[in-house]
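I have placed the structure first, in the form of structure tokens, so that the comments after it can refer back to it.
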Protein chains: 2
Amino acid sequence: MDNKYDVLKLENQLCFPLYAAAREVVKGYHPYLSKLDLTYTQYITLMVLWEHRKVSVKELGERLHLDSGTLTPLLKGLEKRGYITRRRSESDERVLLIELTEEGDALKDAAAEIPAKVGSCFKLTPEEAATLYKLLYKII
Amino acid sequence: MDNKYDVLKLENQLCFPLYAAAREVVKGYHPYLSKLDLTYTQYITLMVLWEHRKVSVKELGERLHLDSGTLTPLLKGLEKRGYITRRRSESDERVLLIELTEEGDALKDAAAEIPAKVGSCFKLTPEEAATLYKLLYKII
DNA sequence: TTAAATTGAATTGTATAAAATCTAATCTTA
DNA sequence: TAAGATTAGATTTTATACAATTCAATTTAA
């Protein structure tokens, strides 16, 4: 009973569950992130900075797979709130360096609580999570 | 060498590769969809309609995991382009029924070519794809 | 060495997403 | 049956995403 339109059924597509699952998980972060008044994208941006403290917009974009169209306004917002500073590199004026402030670093403690809380909502075994992780990185 | 901030590293998170992979795959559709002047969200909306022909906004939202805030403007756009009609149900005026037009249905042939083209960009074996599929639906 | 190419961000324009609120229609039930 | 609750969409607001373009700084090459 196959026909050439079967590939057009959502249930036969890998792209759709990927797209839907990603949004569900981001949504899962919302209640916890909103207490810190952070969005998911702001949160993962800060994750890079909590680990590296000072990075260029380009490096941030590479790590997050986001471009300047997304990052520029987001970073301006984080600067306005005092969590980061934005300053041009002295050795190359094209490069904008993003650096975490004390205030930005201070968010780390509250943020460190979140992954465990969200993770417990998704009932994957550690083995399943590891498998999923590997397959996703294969796509990226 | 573990510390309590290790959970805040992108590489230790499942949410991030999920989020990034989803966007990569959607981006993989872009070159093919833009030839049909469709976005990814419009495409999956049409996928539901190609299979079911006539559904309410509510059912569309449940199948796609999207709400009226996303669907309302999207559907108005598809209506304007003549691919669907929007009409209130006669038995319940709250319900808006979306129905595929001939023009909308005609897109199906070109669209049916796309999944194979995109799929070949992602080098997962059929077994890996099946595993990924199952894990993603577990999250959804 | 300077014109051309490249690079890193910013900007512009369009299309999502999702929370929150609103409105009209329908249902429930005291 | 009429008030209150619920439901289905629409609207509003805010924040992404990303393609495409622009601009200034830097690098490359003829």
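Quick note: numbers below take in every heavy atom, side chains included, and nothing from hydrogens, waters or symmetry partners.
- When each of K27(B) and D92(B) is assigned the nucleotide of DNA chain D with its nearest heavy atom, D92(B) is the one assigned upstream, toward the 5' end.
- Checking the phosphate oxygens (OP1, OP2) of dG9(D), no side-chain nitrogen or oxygen of S68(B) falls inside 4.0 Å.
- Note on T41(A): only backbone sugar-phosphate atoms sit closer than 4.0 angstrom, heavy atoms only; bases stay farther off.
- For K76(A), a side-chain nitrogen or oxygen approaches OP1 or OP2 of dT11(C) to under 4.0 Å.
- Electrostatic pairing of E128(B) and K138(A) counts as a salt bridge here, judged by a charged N lying under 4.0 Å from a carboxylate O.
- Across the protein-nucleic acid pair, E93(B) atom CD and dT6(D) atom P stand 23 Å apart, rounded to whole Å.
- A straight line from CG of D37(B) to P of dA15(C) spans 8 Å, rounded to a whole angstrom.
- The CG-P distance, from L60(A) to dA17(D), rounds to 13 Å in whole Å.
- Between dC18(D), dG9(D), dT16(C), one nucleotide has an atom nearer to the side chain of T70(A) than all others, and that is dC18(D).
- Put simply, CG on D67(B) is 15 Å from C1' on dA15(D), counting in whole angstrom units.
- Computed from coordinates, the L71(A) CG to dA9(C) C1' distance equals 10 Å when rounded to whole Å.
- Here L74(B) lies in heavy-atom contact (under 4.0 Å) with sugar-phosphate atoms only.
- Y40(A) has no side-chain polar atom (N or O) that falls below the 4.0 Å cut-off from OP1 or OP2 of dA17(C).
- In the model, Y83(A) has no side-chain atom that pairs as donor or acceptor with a side-chain atom of D105(A) under 3.5 Å.
- Side-chain nitrogen and oxygen atoms of T39(A) include at least one within less than 4.0 Å of the OP1 or OP2 phosphate oxygen of dT16(D).
- Within the 4.0 Å cut-off from OP1 or OP2 of dA10(D), at least one side-chain nitrogen or oxygen of R86(B) is found.
- Here the P atom of nucleotide dG8(C) and the CD atom of E62(A) are 8 Å apart, to the nearest Å.
- When the side-chain nitrogen and oxygen atoms of R87(A) are compared with OP1 and OP2 of dA9(C), none of them lie within a distance under 4.0 Å.
- Rounded to a whole Å, the CG atom of L66(B) is 14 Å from the P atom of dA10(D).
- Look at NZ on K58(B): it is 14 Å from C1' on dT26(C), rounded to the nearest Å.
- Side-chain proximity of S56(B) to dA9(C), dA19(C), dG9(D): nearest is dG9(D).
- Among all heavy-atom pairs drawn from L71(B) and V57(B), the shortest one is CD1-O, 4.0 Å.
- Within the 4.0 Å cut-off from OP1 or OP2 of dA10(C), at least one side-chain nitrogen or oxygen of R88(A) is found.
- Legend: salt bridge (charged side-chain N to carboxylate O under 4.0 Å, His left out) pairs involving residues 64-78 of chain A, not counting sequence neighbours: none detected.
- Checked by atom type, the side-chain pair S91(A)/S89(A) shows a donor-acceptor distance below 3.5 Å.
- Between dA10(D), dT26(C), dT27(D), one nucleotide has an atom nearer to the side chain of R94(A) than all others, and that is dT27(D).
- When distances are taken from the side chain of R23(B) to each of dG9(D), dA18(C), dA17(D), the shortest belongs to dA17(D).
- By the 4.0 Å N-to-carboxylate-O rule, E93(B) lies too far from R88(B) to be salt-bridged with it.
- Among the nucleotides dG9(D), dT16(C), dA9(C), the one closest to any side-chain atom of T72(A) is dA9(C).
- Toward the 5′ end of DNA chain C lies the nearest nucleotide of V57(A), the other residue of the pair V57(A) and E24(A) mapping further downstream.
- Across all strands, S34(B) comes closer than 4.0 Å to no nucleic acid atom at all (heavy-atom distances).
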